[in-house]
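Computation of the quantities below employed the complete heavy-atom set of this structure, encompassing side-chain atoms and omitting hydrogens, waters and symmetry-equivalent molecules. Order of the sequence lines sets the chain letters (A, B, ...), proteins ahead of strands, with each chain counted from 1.
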Amino acid sequence: MDQKYHPAEIEARWQSVWQKEKTFAARTDPDREKYYLLEMFPYPSGRIHMGHVRNYTIGDVVARYKRMCGYNVLHPMGWDAFGMPAENAAIANNTHPAKWTYENIAAMRRELKSLGFSYDWDREIATCTPDYYRWEQWLFIRMYKKDMIYRKEAHVNWCERCQTVLANEQVESGDCWRCGDPVRQKNLKQWFFKITDYADDLLEYCDRLDGWPEKVTTMQKNWIGKSTGAEIDFPVEKMDESIRVFTTRPDTLFGATFMCLAPEHPLVETLSAGKKQGGEVAGFVERMARESHADRIMETREKEGVFTGGWCINPLNGRRMPVYIANFALMEYGTGAVMSVPAHDQRDYEFAKKYGLDIIVVIRPEDTDEASVAATEAYAGDGIMVNSGDFSGMDSASGKEAVIEYTEKNGIGKRSVNYRLRDWGISRQRYWGAPIPVIHCDACGAVPVPEKDLPVVLPEDADLLAGGKSPLESLESFVNVSCPECDAPARRETDTMDTFVESSWYFERYCSPHYDAGIFDPDDVAYWMPVDQYIGGVEHAVMHLLYSRYFTRVLNDLGLVGFREPFTRLLTQGMVCKETVSCESHGFLYPEETDYKKDAPFCARCGKEAETGRVEKMSKSKKNVIDPNALVERYGADTVRLFCLFAAPPEKDLEWSEQGVEGSFRFLSRVWRLFQRWAGRLADTTPYTGEPGGLPEDARDLYIKTHQSVKKVTDDIEQRFHFNTAISAVMELTNRMNAVEPEKAEAPMEGVMRYALDMTALLLCPVVPHIAEEIWAATGNKPGTLCDQPWPGYREDSLASATRLLVVQVNGKLRGRFEIDADADEETIKSRALEDPNAVRFIRGKTIRKVIVVRDKLVNIVV
RNA sequence: GCCUGGGUGGCGGAACAGGUAGACGCAAGGGACUUAAAAUCCCUUGGGGCAAGUCCCCGUACGAGUUCGAUUCUCGUCCCAGGCACCA
C-alpha cells in the first residue's frame, strides 16, 4: 500500500479491470431476482456537467448496493441523441449533426467511464442509429394501423424571411432568434398521438404510483387537468345554428348573460356576415391570428373582445345573449365557446364591466345576503341557487346534477368531461430526428411504409441550409418515391419525430438492445421490466414521464408488453447550485476567471473587485459551472462522488462548495492512512464476529459501534436513499477506529479492528468503489473481489451496550443524567433519578405528582 | 390566484415512532509537530448570564393550542423555492 492516497493511479486500474472482466454485464436469468436501475439518459451535448455526475452517482450507489445484496442488476447507459442542438451546432460549425453527435458521445462516454459507474456498456444505445429508430418507425406504423395516430392542421411558429419553422424556444419575445423578423403563426398538417384517449387511465394510476414522489404525481394530475361538467347548446337567434359550450358550472346557467367565442370559432364568420360589426370582427380575428400562441396565452393580458352582431338564446330562461369574440376564449379547450356568467367568474366579470354587460347573481353563499354578492368581484364558490326558476333554493352540488338532467331530458345538453391535456403533436420540420415512416399518394392518401422497407433511413447528404426549407423537403432523392399500394409516383413525409418519442421507450430497448427480430425480445422485457428504480431531474416530471407512461400503455394495448406502468419507483434529485460571481464590466465570471484574495472575488481580466450573487442552478449562461473533468483530475472520481452524496440528501438541491470537496478528499485520505496503519499488521488476523459479551471494554465499544454502523448505513440506503447520513455514520466509525493506538492493541482488539476494517471497506464500496477495492485488498482480502461480496449483516445482540445513559428531567427540563444497566427495572430507574443531585435541587420542597419513565431514554419527574 | 415542498448555529445539514436540539462535515479560533510553510494531529465553537458549575436563562421563521414533555402534532400568520396559470 502506498504511503499516500493517489486516486488517479488506482482509479484507472480498477476501471480497466471492470471493463476487461465485464464485471457489470447483466444477463437475463429467471432463477435470480432482478433489479432494474435506470438513470435518465443524457443528451450528448458535448461534456457532462455536475447535474449528470450527481444523477449518475446516486444511481450507481443504488446499483452497486443492490448488486451486493444479491440482486441481478441491470444498469444501462445510452444517448438521447436526436435533437435540435446538433442541427444548430452543425450549421454554426459547418459540420454534420451526426459527426457532432458521435464525437460528443465519444467524449462523454470517456468522462462517464472516468467516474467508475457500474454500467453494462455492452447495452449502450444511441437513439440516432437506424438500429434504434427503425423500431420506433415500426411502432408508429402499428399505432397508425390501430387508429392511435391522426393528422390535423396545427399552428407552428413561422419565420417568413428564413422560410422555416421555429421551435418555441427559438422565438425570442415574438421575433425569430436568427434574423429578428416577427414570427407568424402558420397552419401545417401535422401528426398527433392520441394520448387523450389515455387521459383517464393515466390520471387514475397516479394515485397508485406509491413509489413516486407525490409532487410529481400531483404535477401530472394538474397537467392532465380533468374537469367534469356539461355541454349545453345555445340556439342562435334567427339562424338554424346553435353554439355548444362546455361548462363546469351548470348551476350558474341562469346567470349567463353573454357568450364568448374563440376568434377561430367556425361560427364567427356566419354570425357577423352582413352585419355592421363585420369589419371590426374581421380585424380582431386577423390581429389575434398574428399573435403567437405564447403571447395569446400570457396572463396579465387585458380581457378584450368585440360584439359579433349575433345573438343566442339561453335555453333555460330564454334570455337573449349577445355573442362576442374574446381573446381569452381558446379554440383548443372545450368547444371553443364560453357561456359567460359574470357574477360567478372573475374573467367574465371583468369583461362585463368593461363592455357594460348585465351581471345577474344566481348563487348566494350560505351566510351572505344576495345583494352583496358580486359587488366588487365575482363570487366563484358554491352556495344556494337564486334567480334560477324552479332550481332556486338548491345547493350548487345538487343544482349541477339537476340542470344536467334537465338539459339531457330536453335534448339541449349532456354530461361531459374535459381535459387540459392535448393530443401529442409529434411532427417536427427538422432534419436531425427519426423520419416519420409515411408516404403521401394522391390516390391512396397517407400510406404507411411497409414493414419490410424499414428503416426509413435519415439521408446523410441533406443540405441543412437548402433554400431555408426543411432540409428533407428539398432532397429529391428522399422525397420522390412510388406509392407502396398503387405504385404511382408519391411523396415521402419529410417531418421527423419529436425527440420525446425516442425517450418514451428506450428503457424497454435496453432489455435487449441488439435484438433485430423485433422492437425487443419479449422474454427479456418480461424479465427486466418494469424499471424498479428510475432516477432523474424534476424538470422531466411531466413531459418525459407522462409520455413514457403513455407509451407503455400503448405497448400494452398492442400486446407487446404485459404491464402498464414503466417505473415502479421514482427519485427526482435536486439541482446542483453554486453562487454566481459578476464583474461590473465583464458580466458573469467563470470560476476560472475569478481570483480570490481573502474571501473577496476579483475579476481576473480587469482586476476589479467582483460581486458575489445569489446561489443558483449551475448554468452556462450564469457561468457558475464547475467542470467535472477538472475535478476528477484534481481529486479523483471517488472524492467527487463522495461530495455529491455527502453534501445533501438526493432530493434536495446541492450547493457547490470547494471546501466541501476538499473535506471529502481529506476523509478519504484519512481512511487510507487508517488502513495503512493497520493493514500489514492485521493481514493474517481473523475478524472477530462473535458476541460482544466477552470482549474487554474498549474492544467491545468499537465492536458495537461497527454493528451499529452497518445497520445505520443499510437502513439509510435501503429505506430513504439518505446517503449523506450513511456516510456520516461511516465517518463516525472511522473516527472511533482512529482513536485506537496500534501499539497498545491486544489480541481481542485486533480481531475487532480487523472486522471493523472489513466492514468499512464493504460499507464504502457503493459510494467510493475504487478506494474501497484498494483498502479491501490491503488487509489481505483477495484483490478485485470487493464489489462481488455480499452486503454485510449485523448481529442484533451487538447493537447496544449493557448499560444505558438516561437523562433526568424535572417538568420536562433536562436536569441530570446517569448510567444504568439495560435490564434495570422501573423502580430502580425511578429511585436513581430521584437521587440525582442536580434534579434534587429542583424537587426539594415540592410535591412529586408523577414520575414518567421512558425505556432507554429518560425519566421525567413532574412536581 | 391555485397546487406541492420548505424555513434548525457563521455555512451544508442531523435528530428514522412526541422523549438529551445541533450528529457528520465545512468555516473560524487556539495549541502540538516544523528553522518555516504545507500536510497532519489535539482542543474550543448556538446566544446570553454569573457565585464559573455534574450551573442557570433563552433558542428549531412568528403567534397561539394539545401534552408530563413539541424541531416533530393542531390552528392561524409571515417568508422562500418549484409547478400550473385567461382551461370556461
Pick base, sugar-phosphate or nothing for A:Ser227, based on heavy-atom distances below 4.0 Å to the nucleic acid. sugar-phosphate
Selection from B:rC16, B:rC87, B:rC56 that lies nearest to any side-chain heavy atom of A:Arg720: B:rC16
Side chains of A:Glu662 and A:Tyr635: do they bring a donor and an acceptor to under 3.5 Å? yes
Aromatic ring centroids of A:Trp656 and A:Phe643 under 6.0 Å? yes
P atom, B:rG10 versus B:rG48: distance in rounded Å? 10 Å
Classify A:Asp653 by what it touches in the nucleic acid, base, sugar-phosphate, or nothing, heavy-atom distance under 4.0 Å. sugar-phosphate
If you compare every side-chain N and O of A:Ser664 against the phosphate oxygens of B:rG25 (OP1, OP2), does one of them come in below 4.0 Å? no
Here's a test of your reading of the structure: between A:Val862 and A:Asn738, which maps to the more 5' nucleotide of RNA chain B? A:Asn738
Measure from the side-chain heavy atoms of A:Asn327 and tell me the nearest of B:rG25, B:rC86, B:rA88. B:rC86
When the C1' atoms of B:rG22 and B:rU44 are considered, how many whole Å apart are they? 16 Å
Provide the distance between the two P atoms, one in B:rG19 and one in B:rU71, to the nearest whole Å. 10 Å
At less than 4.0 Å, is any side-chain N or O atom of A:Arg815 found next to OP1 or OP2 of B:rU54? Yes or no. no
Interatomic distance at P, B:rU8 relative to B:rA88, whole Å: 37 Å
Any-strand Watson-Crick or G-U partner of B:rG18, both distances under 3.5 Å: none
Any N or O donor-acceptor pair under 3.5 Å from the base of B:rA88 to the side chain of A:Arg347? yes
As a test of reading the structure: which of B:rA88, B:rC24, B:rC55 is closest to the side chain of A:Met731, going by heavy atoms? B:rC24
A:Arg673 side chain, from C-beta outward: closest of B:rC68, B:rC41, B:rC3: B:rC41
Using only modelled atom types and a 3.5 angstrom limit, is any donor from either the side chain of A:Arg841 or the base of B:rC56 paired with an acceptor on the other? no
Report the residues that fulfil side chain to side chain donor-acceptor pair (under 3.5 Å) with A:Thr714, sequence neighbours left out, ordered by chain and then residue number. A:Trp791
Among B:rG13, B:rA88, B:rC24, which nucleotide sits nearest the side chain of A:Phe246? B:rA88
Measuring from the side chain of A:Thr725 (C-beta onward, heavy atoms only), which nucleotide among B:rC68, B:rU20, B:rA14 has the closest atom? B:rA14
Considering every strand shown, what is the Watson-Crick or G-U wobble mate of B:rC73 when both distances are under 3.5 Å? B:rG65
B:rC58 phosphate, OP1 or OP2: any side-chain N/O from A:Lys813 under 4.0 angstrom? yes
Starting the side chain at C-beta, find the nucleotide from B:rG19, B:rA88, B:rG25 nearest to A:Ala329. B:rA88
Centre-to-centre under 6.0 Å for A:Phe351 and A:Phe258, is that the case here? yes
Decide whether a cation-pi geometry holds between A:Arg569 and A:Trp212; the criteria are a distance under 6.0 Å from NZ or CZ to the six-membered ring centre and an angle within 45° of the ring axis. no
Check every atom of B:rC26, B:rA14, B:rG83 against the side chain of A:Pro649 and return the nucleotide holding the closest atom. B:rA14
Counterpart base for B:rA28, defined by Watson-Crick or G-U wobble contacts under 3.5 Å: B:rU44
Please name the nucleotide paired to B:rU34 by Watson-Crick or G-U wobble geometry with both distances under 3.5 Å, or report none. none
Any A:Asn724 side-chain nitrogen or oxygen under 4.0 Å from OP1 or OP2 of B:rA14: yes
Looking only at the side chain of A:Arg422 (C-beta and beyond, no hydrogens), which of the listed nucleotides B:rC87, B:rC24, B:rC57 gets closest? B:rC87
Let's go through A:Phe665 and A:Tyr5 carefully: what are the C-alpha distance in whole Å and the side-chain angles of both, what is the deciding distance for ring pair (Phe, Tyr, Trp, His ring centres under 6.0 Å) to 0.1 Å, and is it a yes or a no? CA-CA 10 Å; A:Phe665 182 77; A:Tyr5 169 46; 5.7 Å; yes
SB check A:Glu743 A:Arg677 (cutoff 4.0 Å): no
Quiz item: A:Asn860 side-chain donor-acceptor pair to B:rC68 base, under 3.5 Å: yes
Closest nucleotide among B:rG12, B:rC87, B:rC16 to the A:Lys712 side chain: B:rC16
Does B:rA23 have OP1 or OP2 sitting under 4.0 Å from an N or O in the side chain of A:Asn735? no
Which is it for B:rG22, anti or syn, if anything within 90° of zero counts as syn? anti
Gap between atoms CZ and P, on A:Arg670 and B:rC24 respectively (whole Å): 11 Å
Let's test your reading of the model: under 3.5 Å, does the base of B:rC86 pair with the side chain of A:Lys303 as donor and acceptor? yes
Check the phosphate of B:rA27 against A:Arg666, side-chain N and O only, distance under 4.0 Å to OP1 or OP2. Yes or no? yes
If pairing requires Watson-Crick or G-U wobble contacts with both distances under 3.5 Å, which nucleotide is the partner of B:rC84? B:rG1
